[in-house]
Every structure is written in C-alpha cells, then in structure tokens.
Number of protein chains: 2
Amino acid sequence: MKLSEGVEWGLHCALLLAEAPAGVPLPRRVLAEHYGLPEAYLAKHLQALTRAGLLHATPGPSGGFRLARPAGEITVLDVLDAIEGPASPFVCQEIRQQGTGAARPEECTRPCAIASVMVRAHQAWRESLRAVTLDQLVNRVPQALRKRNRAKLGTDAPS
Amino acid sequence: MKLSEGVEWGLHCALLLAEAPAGVPLPRRVLAEHYGLPEAYLAKHLQALTRAGLLHATPGPSGGFRLARPAGEITVLDVLDAIEGPASPFVCQEIRQQGTGAARPEECTRPCAIASVMVRAHQAWRESLRAVTLDQLVNRVPQALRKRNRAKLGTDAPS
DNA sequence: CAAGTCGTGGATACTATACATCCACGTTAG
DNA sequence: CTAACGTGGATGTATAGTATCCACGACTTG
Ligand code: SF4
Ligand code: SF4
C-alpha cells in the first residue's frame, strides 16, 4: 500500500498558494521549479485540484493558479480526495463466495465483519485528515522560509 | 493507494483457523481450495503470517497451519502488519529541499507539518484496526456458515 | 487584430509493485 | 523408506503510477 506522491506535491503547492498574497496567481512553471518537479506531470495533479474546486485556474499571460476558497476552508482530506480519490484502500473481492467453502449469496446481503472493520478504519483515517486545514499548516511553516518564499515569488512572478 | 488483496486472504484464513477446533492444523491446500485462491501464492502470505508469529506451521503428513495464540490475542492489525508491512502509506520525498525554493537542511531538522499530519492519520487508522481481535470477528460470522465450515473441514482434513 | 503566454486534455511510453507460478529442498508421520 | 507438507528462491505477467509530448482553446498585452 503506497500513497501516490502526487498527494505530497498537491499539498506543497496548495500550501505555497496559501502563503502567497491572495489574488496573485502562480503559473505552474513557477510551482514546478520551486519544488523541482516535472512540470508536465504536475499539471495533471493541478488539474485534478481545479476540477475538485480547490484551486482556480486563470489562463492567458500572467495567469496561473490560486486558491478557490480561503485556506481555512480547505482541509488536507480535500486535497487527498482530489488527487488520490476517496476510495477505500481495501477492496473486497468477495472470496467468501468462491471455492469449495462458498457462502450462498443470500448469506452475503450485508457487508461482513472484515469489510466493515476496514471501512471504520478508513473513516478514522479520513476524519484525522479532515481535521486539519491549510492555514493551520501554514502557521507551522518556519518564519524564515515563509519570508524567503514570499520574496522570491513576489519578484519571480512579474518577471 | 490500494491495499494488497493478500490482506483479505490472510484475514479470511486466520478467521477460518479461529473457527476450526484448536490443535487440528489445516494444510494450505485446504485453505486455498476453500476460498478458490492460488495455492502457491497463498503460501507466501501464510509464510509471512508464520514469520510474524501469528500462525504455527507443522510440516509432514497431516500437517498444516494453526493459530499460534488464542484468537482473542490476535488483532486485525497484527495480520495487516505481517502481510502488508507496518510502513506508512505516505512516504515523504523531501521535495522542500529540491528546486529553486529549496529549504536548507538545518531548517528540516524535525518532521514538517504535512508529514506529521500524515503520521497521525496513519496512527488513527492503525488504532482502529488494533481494537478488533479475531474472536470478535468470528462471533459475527453467521451461525449457518460456521456450522457448514466446521463440518466440511472436519471431514476434509482427515481425508 | 496579432502574437505570445498559459491551462486543458488526450495519447503514449516507462517503471515500480503486486500477483502468480514453478521447482529444489528440508522435515515429519506412517 | 516414502509420501505429504511447509520453506524459500528464481522467474514471469499484469496493473497502477510516473513521466513526457503535442494539439487545442482561452486570455492578456501591445
Ligand atoms: S465481504 Fe467480507 S467475507 Fe466477503 S470477501 Fe469481503 S471481506 Fe471476505
Ligand atoms: S517533510 Fe514535509 S516539507 Fe519535507 S518533503 Fe516531506 S512533506 Fe514536504
């Protein structure tokens, strides 16, 4: 079980957009260079975040991406769902209905104990991620780093 | 992010062993046929469970697998750790130290906010799975099914 | 209006991991 | 001894994630 590393990219980019002064979109080239990521592939994940309504994309020169809502209204779970999808990592294969010990379909009307335990664990995981918003994360970024980013992006963007 | 379906196999087999009368080992062929699983591949997962100390394997004729401890002392998390490994699905790539916006190593001494949020969520997931033991799951298996299994395995095993 | 910038979305190739099988070997009951 | 059973390594296949490219439409600027 491995989480797509696109989630890490998405969180970092969202965090950077949350740090940036509002209303100034950052082009994907700046985001990609800032973290040393492949621009073309990062574009896919930014599209996913846009489709999910977390980011807003402005085309044309001096365009780019900005947060679609205040950072306090975007949770880590939102980002994860947009990039990784909300599906549970556990997918039941209904093996109890296979083989010599197969259960009859009428005995499998409701989800079995194994599946429901997995569902509950998945929900606990999601709740933990839903409890954290982007601005809470921004506040834990070291001041020196935030200042450097703000200065760099302020001078890079207008070029 | 997808959980190995070997976890489902391991849980079902462990559950079946918990249902079976104690002391009577089930050979892997019986387990595989009972759920219609590839025997050779299932063997890998059973080995993992054995190495983790959850199952006990007896070689030779009339050998097989049995639980190494009472079902009440084996949690779902034990099975998952044995087969899938205890690692977190989120693996930090340290992209904050890459690209034009790279942070200096001395600014990355302790895990950042993103990573720690992920760790907490992973722990919440694990705690949820640790809270459930095999015998709790056995009790939720329909009586009819348990009876059928017990009868079938009682007549199949001695052949 | 023309040109250059930027996001969109599809097609394609590469890579890591999980899935699956096979076989040679050591151990044990009968 | 012999047949049944688990162990462990080597090997091949399938699937999902990673990465790149290109044609297109939208927009801003001059
Ligand atoms: S629903 Fe439960 S019993 Fe059926 S295959 Fe899934 S885990 Fe097994
Ligand atoms: S530790 Fe935090 S900042 Fe560094 S790469 Fe991982 S998620 Fe990003």
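Numbers restart at 1 for each chain; the letters A, B, ... are given by sequence-line order, proteins then strands.
- At least one donor-acceptor pair under 3.5 Å links the side chain of B:T58 to the backbone N or O of B:G64.
- Electrostatic pairing of B:E39 and B:R28 counts as a salt bridge here, judged by a charged N lying under 4.0 Å from a carboxylate O.
- Taking every heavy atom of both residues into account, A:L15 and A:L134 meet most closely at CD1-O, 3.8 Å.
- If you check distances only, the side chain of A:Q47 never reaches the base of C:dG7 with a donor-acceptor pair under 3.5 Å.
- Among all heavy-atom pairs drawn from B:E107 and A:A144, the shortest one is OE2-CB, 4.0 Å.
- Summarising the geometry, the separation between CD1 on B:I83 and P on C:dC19 is reported as 10 Å, rounded to the nearest angstrom.
- Under 4.0 angstrom from either OP1 or OP2 of C:dG9 there lies at least one side-chain N or O belonging to A:R51.
- At whole-Å resolution of the value, CG in B:L46 and C1' in D:dT7 are 12 Å apart.
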Next on the checklist: So if I define the base as every atom that isn't primed, P, OP1 or OP2, how would nucleotides 17-30 of chain D read as a B/S/- string at a heavy-atom cutoff under 4.0 Å?
Outcome noted: SBBB------BB--
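- Between B:Q93 atom CD and C:dA16 atom P the separation is 13 Å, expressed in whole Å.
- At least one side-chain heavy atom of B:H34 sits under 4.5 Å from a side-chain heavy atom of B:N149.
- Under the salt bridge (Lys or Arg N to Asp or Glu O under 4.0 Å) criterion, B:R66 pairs with no residue at all, not counting sequence neighbours.
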